[in-house]
Amino acid sequence: MSECESAARPDSSAAGDVLRVDDLQTAFPFGDRMVNAVDRVCFTVGRGRIVGLVGESGCGKSMTALSIMRLVPAPGRLAGGVIELDGHGDIGSIPEREMRSIRGGDLAMIFQDPMTSLNPVMRVGEQIVEGLRFHRRISRREARDRAIQMLTLVGIGDPELRAREYPHQMSGGMCQRVMIAMALACEPKVMLADEPTTALDVTIQAQILNLMRDVRDRTGTAIVLITHDLGVVAEMADDVCVMYAGEIVERAPVRCIFREPLHPYTIGLLESVSIGQGAVHRKTMLPAISGMVPGLGQLPGGCRFADRCRHATMLCKEHRPPLEELEPGRLVRCWLHVENSPMRVEPRAEAGALSNV
Ligand SMILES: Nc1ncnc2c1ncn2[C@@H]1O[C@H](COP(=O)(O)OP(=O)(O)OP(=O)(O)O)[C@@H](O)[C@H]1O
């Protein structure tokens with residue numbers, strides 16, 4: 001059994017999990033060995049829930065999503081674990097041919113740059129129609145009606161006219177809406193969204209986030225939202241997975257992450273932003289956490305955050321902490337919170353004590 005297989009699901013379990021990722025490992029060659037860029041990652045996503053994957057650049061967020069899509073770039077490869085998608089079983093081990101019918105169907109992904117998904121030489125309406133015809137047995141006419149319906153759903157005015165345009169005739173925000181329309185056309189059970197608003201200006205960003213939440217409410221599609229932006233997480237996510245150097249270091253309902261973060265890395269991330277009046281703002285003065293995420297060649301044997309953590313002891317440097325379940329849906333990978341650890345502190349006292357990471 002994996003270290004988190006027995007751990008309780010986040011709050012989502014009541015709604016029924018549509019995605020269960022367990023012990024996911026994705027490896028890349030480094031010198032003469034394989035190193036896990038995604039290391040034993042576990043989380044679940046309930047129907048209609050939004051799970052935020054957060055962490056600095058290089059923490060393994062995108063690679064986790066690409067692994068779930070089975071799109072790991074060579075020479076990387078899935079090295080272990082289970083990816084259970086509702087109605088399909090473990091999609092980590094099915095033949096590629098079968099996977100192709102799931103990608104863009106029950107499992108969709110949108111990227112930061114819509115141009116990675118949109119075909120520049122095909123009219124956008126036609127692109128949605130093509131996706132629908134590949135995944136669903138419907139006539140061209142039905143597919144065309146559905147494409148217009150989807151463009152309307154994502155807030156594109158004059159959809160009949162817009163459907164005949166090419167991506168280069170549209171703004172970045174419009175293209176992102178088209179990509180979301182494409183991703184949602186087949187009513188996926190899960191949509192993986194990798195920094196979907198990072199490239200957009202603030203007003204459009206808010207519109208796209210509202211749109212995603214609205215679509216989730218209307219369709220019940222579950223969303224895995226990848227971002228380095230805690231403001232987006234605070235606004236959108238139900239549950240949060242904080243990633244560091246390929247591992248999940250904290251997993252909790254969103255309110256716990258903001259009110260009572262436990263992992264020194266989560267606390268450091270929160271200290272690099274200020275939260276007020278319901279919004280999260282980036283501070284300009286910091287960085288609150290000095291140092292950098294270790295590269296694949298320098299992953300330490302013990303706690304991967306130890307070199308940047310002011311609480312680190314020899315125990316942390318030499319031994320990898322387990323992902324400890326403190327209460328259902330609340331998990332943390334830090335010796336400060338492991339039962340019987342000599343470093344253990346009481347969670348509530350510690351939230352204040354650690355405020356200065
Ligand atoms: N094609 C590749 N070959 C080798 N290593 C890779 C490759 N792609 C990613 N990695 C490594 O995998 C790790 C995780 O990268 P990943 O892109 O998933 O991080 P991320 O958290 O999504 O960061 P960002 O927000 O910058 O995309 C990093 O150490 C990165 O260097």
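Each ligand, and each atom within it, is numbered from 1 in the order the structure gives. Keep in mind the model is a prediction, meaning the values are calculated, not measured.
Inter-residue side-chain proximity for Arg162 and Val124 is flagged as unmet; no heavy-atom pair is nearer than 4.5 Å. Looking only at side-chain heavy atoms (C-beta outward), Val82 and Arg20 come within less than 4.5 Å of each other. Counting heavy atoms from C-beta on, the side chains of Leu78 and Ile83 come closer than 4.5 Å. Counting heavy atoms from C-beta on, the side chains of Glu195 and Asp229 never come closer than 4.5 Å.
Judged by distance alone, with hydrogens and angles left aside, the side-chain atoms of Arg47 form no donor-acceptor pair with the main-chain N or O of Gly16 at under 3.5 Å.
Within 4.0 Å of ligand 1, contacts by protein heavy atoms are made from Phe28, Ala37, Glu56, Ser57, Gly58, Cys59, Gly60, Lys61, Ser62, Met63, Pro73, Leu296.
Screening residues 63-112 for ring-ring contact (aromatic ring centres under 6.0 Å, His included) gives no qualifying pairs among residues at least two apart or on separate chains.
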